[in-house]
2 protein chains.
Amino acid sequence: MNIYDIAACSGVSIATVSRVLNNSPSVSPKTREKVLRVMQQESYTPNAFARGLGLNSMHMIGLLCTDVSDTYYAKAVSLVEKRLRKDSYDALLCCTGNDPTDQKKFLQLLLSKHVDAVILIGSAFKEDAQNAYLAQAAKEVPVVIINGLVELPGVYCVLCDERNAVRQNVHSLLHQGITRILYLYDVLTYSGCQKRVGYQDGLAEAGLPEMPELTVQVPKSIPEVRDAVAALLKDGPSFSAILASEDLIAIGALKALQNAGLQMPVIGFNNSILAQCASPGLTSVDNMLEILCPTAVGLLEKLLSGEPVPQKTVISSRLVERETFHAN
Amino acid sequence: MNIYDIAACSGVSIATVSRVLNNSPSVSPKTREKVLRVMQQESYTPNAFARGLGLNSMHMIGLLCTDVSDTYYAKAVSLVEKRLRKDSYDALLCCTGNDPTDQKKFLQLLLSKHVDAVILIGSAFKEDAQNAYLAQAAKEVPVVIINGLVELPGVYCVLCDERNAVRQNVHSLLHQGITRILYLYDVLTYSGCQKRVGYQDGLAEAGLPEMPELTVQVPKSIPEVRDAVAALLKDGPSFSAILASEDLIAIGALKALQNAGLQMPVIGFNNSILAQCASPGLTSVDNMLEILCPTAVGLLEKLLSGEPVPQKTVISSRLVERETFHAN
DNA sequence: TTGAAAGCGGTACCAT
DNA sequence: ATGGTACCGCTTTCAA
């Protein structure tokens, strides 16, 4: 069943059928009615490829995500996809992993599929070399970055003020009289850098010196973090609170503390389900995916309909206090 | 840059360019070489829509998933997507939620996009009414179900023997002298049913009567499960071990036990990252997504190239013991 | 081995 | 308001 058949059955031309299909106002109600009835009867579905060829769009958005199996990114993908459906966009999912070469390859791949736009979720795009590719891509279609920042024409960023979130955490710990705060992080994506700088900000504001021995990079793995923190507890510099760039990392640290029979404030990041799973419940910074994601898609919607939108949208975080917050 | 331009630049016809594009053997090495060089020079990319229109395929697979924000499904989607890329298929992601109406709507949507196949991940398709839609869909494209079972022509299932997994868990608990085992579950998808039946199997084998008061349905939410289990501990039937259909549920139960100062064997399901996050570490059944997902895509690969494949592939699970396993 | 040309199923412009 | 028709860019059959 194609548009020609429908045209024949309805006794009109394919042009008219196409108009009905596209809700063109210039079709008489009677004609529209008739054509629609035939479509219904024949349970006609327009061919998406033919449509794509003509319009140069299949109403698809490319989702470039480092890793959907990660709880945080999975949530972001879920929220984005749900919001995209509202505008009847389809989501083409592309998981890149952390290799920059793959990331650019997949970006290329999405463009070759003529997606209407690309949304970056947790991408590590950060170095200039990669940004060159992003810049190129952004010339072809709008690029929206969730919780990342690349200031380039055609690239729009929606992000959470994580730097300030960490700064405030430091501040509140200092307020409890804790000055030696261990900061654990894994990768230095844009987001990763912001958090670390927030940690430094917090200390600097209180006139405290930087403590490089308390800023420790760890792999994103519970047992490895646990062991690393255990080692620190044994031989390392002393500390009496822990901030982590990720819930998972915080949980690894929590395990080390438990094994050592110690208690101290531990604050994670992302407010993921993992934070709820931990015992004691992990206090965590919520970076507001529930807001970021719909906002990002909303932006895209406007962009694609030609409306102007800000290149950068920043929202603030929210601390979710659970059992690991206070000292003693 | 289209195929005509490339043809012109190479001094051949578009047919020849097309042949080169599709690795047709009937092109002389010299011609092929020449055309390829031009393509390279012009950094030509064939138009995916035009290709789709001609071939009636854009080399896309529809992923029908109830909820990617769920840790378990996210992992499945991740593994499937990764494996699909190997065969250079793209993944069109569709999150349906649990409403059967939506599920059939999205299935329809994927079909209208002419995906080459559909992979169901954690779908609740179970009732006959829905199966009618599946049957219809399976007439158009192959349907592969991961960890679910629907026996219909054109539907292929790859699943884990979860029934047996639970049976064995019951068995081993009975062996430890525990006869009163609380079974917690949330939804009765195919998988959900199998697990529950496994629980019954285990008890039946030991000649124990069914204990409906120990088979409790709970919502998939840590605090709600915690409260439900706390209530059972207070006023309910006695039990001295807990089996759950999901890690998340097991963790809720664990929290209730901790609050009550109690310890008993608790076994979760899925061996998700959540199990590692819990303290004490949650013993959990691994239902082998790492095997199921690649197997499912491998099946699809064969199907799409016309090779025959079994309609049902079952693999066995693996118990991952952590701290919550043994009594005392 | 190569080329010409007829689809594939729509969109959109130009007439009427 | 409606119809005719030239695209869109590729695949594939048929002839040469």
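Every chain is numbered from 1, with letters handed out A, B, ... down the list of sequences.
- With sequence neighbours excluded, no residue forms a salt bridge (Lys or Arg N to Asp or Glu O under 4.0 Å) with A:Lys34.
- Checked against side chain to side chain contact (heavy atoms under 4.5 Å, CB included), B:Ser28 has the following partners two or more places apart in sequence or in another chain: B:Lys30, B:Thr31.
- Residues forming a salt bridge (Lys or Arg N to Asp or Glu O under 4.0 Å) with B:Glu33 (at least two apart in sequence, or on another chain): B:Arg37.
- Residue-level contact check: A:Val12 touches the backbone only, with heavy atoms under 4.0 Å from sugar-phosphate atoms and none from bases.
- Contacts between residues 19-33 of chain A and DNA chain C, defined by a heavy-atom separation under 4.0 Å, are made by A:Arg19, A:Asn22.
- Applying the side chain to side chain contact (heavy atoms under 4.5 Å, CB included) criterion to B:Arg19, with sequence neighbours excluded, gives B:Ala15, B:Thr16, B:Ser24, B:Ser26, B:Val27.
- Over its length, the helix from C:dT1-D:dA16 to C:dT16-D:dA1 turns its helix axis by 30°, as judged from the five terminal pairs at each end, rounded to 10°.
- Using a 4.5 Å heavy-atom cutoff, the side chains of A:Val20 and A:Ile6 are not in contact.
- Legend: salt bridge (charged side-chain N to carboxylate O under 4.0 Å, His left out) pairs involving residues 49-67 of chain A, not counting sequence neighbours: none detected.
- Regarding contacts with the backbone of D:dG4, every side-chain N or O of A:Ser13 stays at 4.0 angstrom or more from both OP1 and OP2.
- With sequence neighbours excluded, no residue forms a ring pair (Phe, Tyr, Trp, His ring centres under 6.0 Å) with B:Tyr156.
- Look at A:Lys220 and A:Asp70 and you find a salt bridge, because one of the NZ, NE, NH1 or NH2 atoms lies within 4.0 Å of a carboxylate O, short of that distance.
- Considering only residues two or more places apart in sequence or on other chains, B:Gln311 meets the side-chain hydrogen bond (donor to acceptor under 3.5 Å, both in side chains) condition with none of them.
- Using a 3.5 Å distance cut-off with no hydrogens or angles, the side chains of A:Asp116 and A:Ser57 do pair a donor with an acceptor.
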Can you tabulate the close N/O pairs, meaning under 3.5 Å, that link protein atoms to atoms of nucleotides 6-9 of chain D?
none

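- No hydrogens or angles considered: nothing links the side chains of A:Asn47 and A:Asn2 as a donor-acceptor pair under 3.5 Å.
- Taking the 5' to 3' direction, DNA chain C first and last meets chain B under 4.0 angstrom from a heavy atom at C:dT1 to C:dG9.
- Between B:Asn147 and the choices B:Tyr190, B:Tyr72, B:Tyr73, the side-chain hydrogen bond (donor to acceptor under 3.5 Å, both in side chains) rule is met once, by B:Tyr72.
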Using distance only, find each side-chain donor-acceptor pair of residues 86-95 of chain B under 3.5 Å and give its atom names and separation, not counting sequence neighbours.
{"from": "B:Asp87", "atom 1": "OD1", "to": "B:Arg83", "atom 2": "NH1", "distance (Å)": "3.4"}
{"from": "B:Asp87", "atom 1": "OD2", "to": "B:Arg83", "atom 2": "NH1", "distance (Å)": "3.2"}
{"from": "B:Asp90", "atom 1": "OD1", "to": "B:Arg85", "atom 2": "NH1", "distance (Å)": "2.5"}
{"from": "B:Asp90", "atom 1": "OD2", "to": "A:Lys113", "atom 2": "NZ", "distance (Å)": "3.3"}

